[in-house]
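Heads up, the thing below is written out as structure tokens.
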Amino acid sequence: MSAVPLSSPVVAAFPNIQWDALGSLRLTAQETALLRMAETNPIDYTLADSRDASMYARVLLKLLAEAAAAGAGTGEVSTYVDKCTDEQAMHALDVDPLGVVTHYALTKLNEIISTLSLGQSGVTVASVFYVGKDGVLVDQWKALLRILNKGGKGDVFAQKSASVSLGKILIASCPSKRMNTTAAEAKARAVSYASAIEPMEALVAWIVSQLKNATGSLVGLCIPALVVLMDAYESRVIFSKAGGIKYMARQLASATKQSSASSDNNKKFGQGSVQQLYELTFSMWVLTYELNTSYPIRADFAKEGVPVQALCELIAAAPREKVIRVALSALRNLATCSADEDAAPAGAPRHDGKFFLDEMIGNGLMKSISLLRERQFTDPDIVDDIDTLYKLLTINYKEMSRWEVYKNEVENGHLQWGSTHTEAFFKENARMFEGPDGDFHILKVLITLLSSKDEEVVAIACYDIGEFVRFYPNGRAIVKRLGAKELVMPLIESENPELQRHALQCVSKIMVQNW
């Protein structure tokens, strides 16, 4: 996946930076000359020699460190988001020169990494940022991490650019990314992945913290770096170990709900929200390729049911085709995954394709897939994924008992009118509510759904509780003891006539001895 280019809002001021006047940066005459030479020569020329390129990169990292030490990151430039006019950029250089220098250094670093990634010369990202006989990561990388540690109040461009650059530098050391390197190149240019592990864990910790705590547009600070880290097996594993899958899924679910809130179906997915949805879904899709070989990653995808629920809700929201494509592919990987290669530890639950298909059925994916089958897609991969999921879901649904279908619905909070919400079903299955431990767990979950924001779910929950009261011996006393009556009573005043009717019937069944 190609990254969206990052552009500083004050880029127009870069040619006017006066290095001699910025004594707080503590640049040597040689370093100043190198910066000026890099400005006058094409980037390919500057990067043609590995040692010169490494020296240039380290000067840029020094700029970041010295500017930060002198107070950069809190001035006027840090408040800019949109691109400035030439006049605004020159004003920024006058009032906040260190802020402009920070943007300059990050822009040039990004340009170095992007150019080297094209692989058109013998110089690579690894040979520039990993030095010495053992190929150890340059110590100056910490300047990039300091920018990230300024938190959500920091400079938006600086944090995005620093995290992306750091991510690209770190994955250059990953053994999985260097598998295509020839033996001669590997020997001549040793690269120490061990020196990059701790920095990568620090970057992942920042990304996970953003996913866990940030809301709205602030989440976008970390998503470009997240996409970068998905490009290497080692960084994917570190991200998973840090608990990232769960928080990524929560952000995906949140972004889906926010984008779906508009009543205008043509405008509810703005370009910004679509790109964020796509990048989050893309990252989740990439991680699903580790399911067959990693029990911990399967367990993370199964945790609290959040990842599957987020993907199913995304399909139901029917966003742009590019988002549907990666979401369907991720669901297909989940539905077909195996638990044989890296089996679960003794006593741990088995998470395989059948497990995830049960979750998908509980989250109402069958209905969404049926609707997608009626749409005309030109992409053959989408059509194939839809057909495969439809067949797998149908087979799995037929193999499930009606109680298993109902239990999945309740546990996932996706109640839909159907054969499991009928008098015949409750006559047959009322005693199943006791559960294997006799704690009425499913009934308790059903009662919590009375507080759902989805009025149809609340109406169905009212109906189900009323039917449980009718067909379970002493069911009336049990639902009263669990607090259902107090939750249903206010629903009688609902403005939704369907919900009001089911709430009234539920209360009547609880109150009247012979319904």
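Since this is a predicted model, take the numbers as computed values, not measurements.
Within a 6.0 Å sphere centred on OH of Tyr233, other residues, nucleotides and ligands contribute 12 heavy atoms or fewer. Crowding of Lys246 atom NZ: a count of heavy atoms from other residues, nucleotides or ligands under 6.0 Å exceeding 12.
No side-chain heavy atom of Gln500 sits under 4.5 Å from any side-chain heavy atom of Leu491. Counting heavy atoms from C-beta outward, Ile113 and Val164 have side chains that stay 4.5 Å or more apart. At a threshold of 4.5 Å between non-hydrogen side-chain atoms, the residues Met248 and Leu280 count as touching. Looking at Val445 and Thr448, their side chains come closer than 4.5 Å, going by heavy atoms from C-beta outward. Side-chain contact check for Asn333 versus Glu290: every heavy-atom pair is 4.5 Å or farther apart. Contact check for Ile478 versus Arg481: side-chain heavy atoms found under the 4.5 Å cut-off. Leu137 is listed as a side-chain neighbour of Pro199, based on a closest heavy-atom distance under 4.5 Å. Proximity of Asp342 to Thr293: side-chain heavy atoms (C-beta onward) are nowhere separated by under 4.5 Å.
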For this session: Output, in order, the C-alpha distance, side-chain angles, deciding distance and verdict of salt bridge (Lys or Arg N to Asp or Glu O under 4.0 Å) for Arg431 and Glu434.
Result: CA-CA 6 Å; Arg431 287 195 176 274; Glu434 295 172 2; 3.4 Å; yes
For this session: Could you check Ser114 against Lys168 for side chain to side chain contact (heavy atoms under 4.5 Å, CB included), going step by step and ending with a plain yes or no?
Result: CA-CA 9 Å; Ser114 298; Lys168 289 180 177 179; 4.2 Å; yes
For this session: Could you give me the CA-CA distance, side-chain angles and deciding distance for Thr378 and Glu321, then say whether side chain to side chain contact (heavy atoms under 4.5 Å, CB included) is met?
Result: CA-CA 10 Å; Thr378 55; Glu321 187 169 307; 4.2 Å; yes
Exercise. Could you walk me through whether Cys174 and Met200 pass the side chain to side chain contact (heavy atoms under 4.5 Å, CB included) check?
Worked result: CA-CA 10 Å; Cys174 291; Met200 192 178 292; 3.7 Å; yes
Problem set entry | Trace of the side chain to side chain contact (heavy atoms under 4.5 Å, CB included) decision for Asp134 with Val191 | CA-CA 7 Å; Asp134 298 323; Val191 176; over 6 Å; no
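The minimum heavy-atom distance between Trp206 and Leu148, with the atom names listed, is NE1-O, 3.2 Å. The minimum heavy-atom distance between Ser235 and Ile171, with the atom names listed, is OG-CG2, 3.9 Å.
For the pair Arg373 and Tyr390, the distance from NZ or CZ to the six-membered ring centre is under 6.0 Å and the angle to the ring normal is within 45 degrees. Because its NZ or CZ atom is not both nearer than 6.0 Å to the ring centre of Phe471 and within 45° of the ring axis, Lys427 does not count as a cation-pi partner of that residue. Annotation: cation-pi geometry not satisfied between Arg470 and Phe426 (NZ/CZ under 6.0 angstrom from ring centroid, within 45° of ring axis).
Note that the CG atom of Leu449 and the CD atom of Glu411 stand 10.5 Å from one another [nearest 0.5 Å]. For the atom pair OG1 of Thr288 and CG of Leu311, the computed distance is 8.5 Å after rounding to the nearest 0.5 Å. Distance check: Leu334 CG to Leu389 CG gives 9.5 Å after rounding to the nearest 0.5 Å. The OG atom of Ser283 sits 12.5 Å away from the CD atom of Gln251 when rounded to the nearest 0.5 Å. Distance CG/Leu287 to CZ/Phe282: 10.0 Å, rounded to 0.5 Å. Arg298 contributes atom CZ, which lies 11.5 Å from atom CZ of Phe355 (distance to the nearest 0.5 angstrom).
Each of Phe468, Phe425, Phe440 was scored for a ring pair (Phe, Tyr, Trp, His ring centres under 6.0 Å) with Phe433, with one residue passing: Phe468. Among Val125, Ile169, Val138, Val136, the one residue that satisfies the side chain to side chain contact (heavy atoms under 4.5 Å, CB included) test with Tyr130 is Ile169.
At least one donor-acceptor pair closer than 3.5 Å links the side chain of Asn408 to the backbone N or O of Asp358. Arg476 places no side-chain N or O within donor-acceptor distance of the main-chain N or O of Val469, the cut-off being under 3.5 Å. When atom types are taken as modelled, the side chain of Thr388 and the backbone of Asp385 share no donor-acceptor pair closer than 3.5 angstrom. Remark: side-chain polar atoms of Asn363 are not paired, donor with acceptor, to backbone N or O of Leu365 under 3.5 angstrom. With hydrogens and angles ignored, the 3.5 Å screen pairs no side-chain donor or acceptor of Ser254 with any backbone N or O of Arg250. Looking only at distances, no side-chain donor or acceptor of Ser294 sits under 3.5 Å from a matching main-chain atom of Leu291. No donor-acceptor pair under 3.5 Å is formed between the side chain of Glu201 and the backbone N or O of Ile238. Put simply, the side chain of Glu423 never gets that close to the backbone of Glu467: no donor and acceptor are under 3.5 Å apart. For Ser240 (side chain) and Arg236 (main-chain N/O), no donor-acceptor pair under 3.5 Å exists by modelled atom type. For the pair Asp439 (side chain) and His441 (backbone), a donor-acceptor distance under 3.5 Å is present.
Contact check on Asp384 versus Arg332 returns a salt bridge, with a Lys/Arg side-chain nitrogen under 4.0 Å from an Asp/Glu carboxylate oxygen. Using a 4.0 Å cut-off between a side-chain N of Lys or Arg and a carboxylate O of Asp or Glu, Asp352 and Lys354 do not qualify as a salt bridge. Salt-bridge formation is detected for the pair Glu428/Arg402: a Lys NZ or Arg NE/NH1/NH2 atom is positioned less than 4.0 Å from an Asp or Glu carboxylate oxygen. Under 4.0 Å is where a charged nitrogen must lie from a carboxylate oxygen, and between Asp381 and Arg325 no such pair does.
Between the side chains of Ser161 and Asn110, no donor-acceptor pair is found at a separation under 3.5 Å. Under 3.5 Å, the side chains of Glu341 and Asn292 contain no donor-acceptor pair of N or O atoms. Counting only N and O atoms by type, the side chains of Gln416 and His421 include no donor and acceptor under 3.5 Å apart. Counting only N and O atoms by type, the side chains of Lys322 and Gln275 include a donor and acceptor under 3.5 Å apart. Judged purely by distance below 3.5 Å, without hydrogens or angles, the side chains of Thr422 and Ser419 never pair a donor atom with an acceptor atom. Checked by atom type, the side-chain pair Tyr406/Asp464 shows a donor-acceptor distance below 3.5 Å. Side-chain atoms of Tyr247 and Gln210 form no donor-acceptor pair, as typed in the model, at a separation below 3.5 Å.
Aromatic ring pairs are classed by plane angle as parallel below 30°, tilted from 30° to 60° and perpendicular above 60°; the pair Trp417 and Tyr463 is perpendicular. Between Trp285 and Tyr289, the ring-plane angle classifies as perpendicular under the 30° and 60° cut-offs.
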